[in-house]
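All chains are named by letter (A, B, ...) in the order of the sequence lines, taking the proteins before the strands, and each is independently numbered beginning at 1.
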Number of protein chains: 2
Amino acid sequence: MRIGELAERAGTTTRTLRYYESRGLLPARRGSNGYRTYDEDDLKLLRQIRTLQDFGFELEETRPFVECLRAGHPQGDACPASLAVYRRKLGELDALIDELRSVREQVGGQLARAERAMGELASEAAVPGGPEPVCELEGRTG
Amino acid sequence: MRIGELAERAGTTTRTLRYYESRGLLPARRGSNGYRTYDEDDLKLLRQIRTLQDFGFELEETRPFVECLRAGHPQGDACPASLAVYRRKLGELDALIDELRSVREQVGGQLARAERAMGELASEAAVPGGPEPVCELEGRTG
DNA sequence: CTAAGCGTTGCCGCCGACGTCAAGGCAAGG
DNA sequence: CCTTGCCTTGACGTCGGCGGCAACGCTTAG
């Protein structure tokens with residue numbers, strides 16, 4: 001199998017495969033004409049890389065999985081180094097999710113406050129004596 | 001106030017301030033010697049930008065807040081354009097958090113499966129007759 | 001023979017928010 | 001005068017994961 005076919009079967013591009021090779025992740029044999037040659041095991045390696053990439057793993061983080069497969073294990077995560085990457089990633093994900101939730105709450109609070117402030121201003125301008133609460137989600141005085 | 005003092009009071013660097021100026025976010029008056037000159041209102045603008053940046057807003061997303069302040073409003077989010085940015089950001093945050101939670105679950109599942117597989121292999125090798133469950137978090141047989 | 005369609009290497013471009021020089025000007029203290 | 005420390009502009013570097021182009025070689029079909 002040549003680079004174009006492998007790329008297509010893995011749903012990626014030849015540029016990506018050459019990039020992986022330049023990083024030492026997916027070395028290729030060469031045919032007599034200089035063309036890269038791949039087999040089904042390489043496809044398996046590549047799919048492992050792509051799956052982890054889709055999860056948001058950096059390329060370097062996929063290396064233990066690839067080496068694990070090349071060591072003959074049927075699964076890329078059948079090695080301690082791969083499990084360590086999983087665990088570290090879980091920690092990072094938890095931390096990131098917590099942080100994003102915190103930001104989400106703060107932004108949500110700012111939005112609510114700003115909407116209240118604008119509502120009060122509008123009401124004071126319209127009815128200086130008695131401001132009525134307005135549902136901002138509707139956007140009109142229905 | 002010159003650029004160094006403003007940077008320090010806002011907890012950032014002069015490079016950052018010049019970058020903001022190059023983006024048209026924080027224009028500066030110039031003294032007779034060519035030095036940039038800032039006042040307290042500029043500090044307020046800058047703090048608004050920094051707060052949003054800390055929330056993960058892109059620079060361009062802070063522009064409505066800055067323009068709102070420069071239009072004379074006491075708060076950068078006292079304008080509809082700012083509220084629109086808040087709302088869009090909330091949507092992005094929700095989507096991102098959901099996605100990360102999904103990834104977290106999948107990675108967690110992979111880790112659990114891989115740990116089970118390794119435990120089974122170890123047990124089979126050691127005690128072919130009766131595999132005992134081992135706590136992977138402890139790491140030893142104590 | 002020729003053209004199409006693969007392959008090869010190499011290098012620059014991109015995105016965002018700056019960091020890091022380089023080379024020089026200006027101000028203030030001893 | 002000299003040094004120190006601030007300021008100026010301009011330009012290149014960073015990080016990750018490729019995209020895209022140039023300029024060339026191989027192969028195969030018509």
Side-chain angles (χ1 to χ4, degrees), chain A residues 1-39 42-43 45-66 85 88-89 92-93 96 103, chain B residues 1-39 42-43 45-66 85 88-89 92-93 96 103:
Chain A
M1 183 174 19
R2 293 182 304 182
I3 195 169
E5 186 184 345
L6 178 61
E8 194 181 0
R9 288 180 63 185
T12 182
T13 68
T14 61
R15 181 71 189 80
T16 296
L17 300 194
R18 281 189 271 260
Y19 176 65
Y20 290 171
E21 183 175 354
S22 78
R23 305 279 93 193
L25 269 181
L26 194 65
R29 275 114 325 213
R30 297 298 182 118
S32 57
N33 51 10
Y35 287 11
R36 292 172 177 83
T37 302
Y38 303 91
D39 57 22
D42 291 318
L43 178 58
L45 288 185
L46 180 51
R47 287 195 167 136
Q48 171 75 82
I49 297 172
R50 289 267 98 200
T51 298
L52 296 175
Q53 285 271 86
D54 289 344
F55 281 164
F57 285 52
E58 295 177 8
L59 257 192
E60 276 310 308
E61 295 178 319
T62 72
R63 197 177 294 275
F65 295 81
V66 172
V85 173
R88 187 159 51 79
K89 207 68 187 177
E92 289 175 15
L93 283 168
L96 183 54
V103 168
Chain B
M1 186 174 14
R2 294 182 304 182
I3 194 171
E5 186 183 345
L6 178 60
E8 195 180 358
R9 287 181 64 184
T12 183
T13 68
T14 61
R15 179 69 187 84
T16 297
L17 299 195
R18 281 188 271 259
Y19 177 64
Y20 290 171
E21 183 174 354
S22 78
R23 305 278 92 193
L25 268 181
L26 192 65
R29 276 114 324 210
R30 297 298 181 116
S32 57
N33 51 11
Y35 288 10
R36 290 170 177 85
T37 303
Y38 303 92
D39 57 22
D42 292 318
L43 178 58
L45 289 184
L46 180 52
R47 288 198 166 131
Q48 171 75 82
I49 297 174
R50 290 267 97 199
T51 298
L52 295 176
Q53 285 271 87
D54 289 344
F55 282 164
F57 285 52
E58 294 176 9
L59 257 193
E60 275 311 307
E61 295 178 318
T62 72
R63 196 177 295 274
F65 296 80
V66 171
V85 173
R88 186 159 50 79
K89 207 67 188 176
E92 290 175 14
L93 283 168
L96 183 54
V103 168

- prompt: Could you write nucleotides 11-18 of chain C as a row of B, S and -, 5' to 3', where a protein heavy atom under 4.0 Å of any base atom gives B, of only sugar-phosphate atoms gives S, and otherwise -?
  reply: ------BB
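- In this structure A:Glu61 satisfies the side chain to side chain donor-acceptor pair (under 3.5 Å) test together with A:Arg88, A:Lys89, sequence neighbours excluded.
- Evaluation of the side chain to side chain donor-acceptor pair (under 3.5 Å) rule for A:Arg9 yields A:Glu40 as partners, not counting sequence neighbours.
- Summary for the helix from C:dC1-D:dG30 to C:dG30-D:dC1: the axes at its two ends, each from 5 pairs, differ by 40° when rounded to the nearest 10 degrees.
- Dashed line: the shortest gap from a side-chain N or O of B:Arg30 to OP1 or OP2 of D:dT9 is under 4.0 Å.
- In this model, the phosphate group of D:dT9 is not approached by any side-chain N or O of B:Arg18 to a distance below 4.0 Å at OP1 or OP2.
- With sequence neighbours left out, the side chain to side chain donor-acceptor pair (under 3.5 Å) criterion links A:Thr13 to A:Thr16.
- When side chains are defined from C-beta on, B:Phe55 does not count as touching B:Arg50, because their heavy atoms never get closer than 4.5 Å.
- Residues B:Tyr19 and B:Leu59 meet the side-chain proximity criterion, which asks for heavy atoms closer than 4.5 Å.
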Any protein N or O atoms within reach of nucleotides 1-4 of chain C? Criterion: under 3.5 Å, listing atom names and distances.
none

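- Taking the salt bridge (Lys or Arg N to Asp or Glu O under 4.0 Å) definition, one finds that B:Glu21 meets it with B:Arg30, B:Arg36, sequence neighbours left out.
- Taking only side-chain nitrogens and oxygens, A:Arg36 comes nearer than 4.0 Å to OP1 or OP2 of C:dT9.
- The CZ-P distance, from B:Arg29 to D:dC7, rounds to 16 Å in whole Å.
- Going from atom CD of A:Glu21 over to atom C1' of C:dT8 covers 11 Å, rounded to whole Å.
- Of all heavy-atom pairs spanning A:Thr14 and A:Gly4, the tightest one is CG2-CA, 3.9 Å.
- For A:Arg18, there are no salt bridge (Lys or Arg N to Asp or Glu O under 4.0 Å) partners, not counting sequence neighbours.
- Spacing between atom CE of B:Met1 and atom P of D:dC7 amounts to 12 Å, rounded to whole angstrom units.
- The CG-P distance, from A:Leu26 to D:dG17, rounds to 15 Å in whole Å.
- For the pair A:Tyr20/A:Ile49, a side-chain contact is recorded, criterion being any heavy-atom separation below 4.5 Å from C-beta on.
- No side-chain heavy atom of B:Thr62 sits less than 4.5 Å from a side-chain heavy atom of B:Gln48.
- At least one side-chain heavy atom of B:Arg63 sits under 4.5 Å from a side-chain heavy atom of B:Leu25.
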message: Each nucleotide in nucleotides 22-27 of chain C should get exactly one letter: B, S or -. Can you fill that in based on protein heavy atoms under 4.0 Å?
response: ---BBS
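- Looking at residues two or more places apart in sequence or on another chain, you find a side-chain contact (heavy atoms from CB on, under 4.5 Å) between A:Tyr35 and A:Arg2, A:Asn33.
- Every residue two or more places apart in sequence or in another chain was checked for a side chain to side chain donor-acceptor pair (under 3.5 Å) with A:Arg47, and none qualifies.
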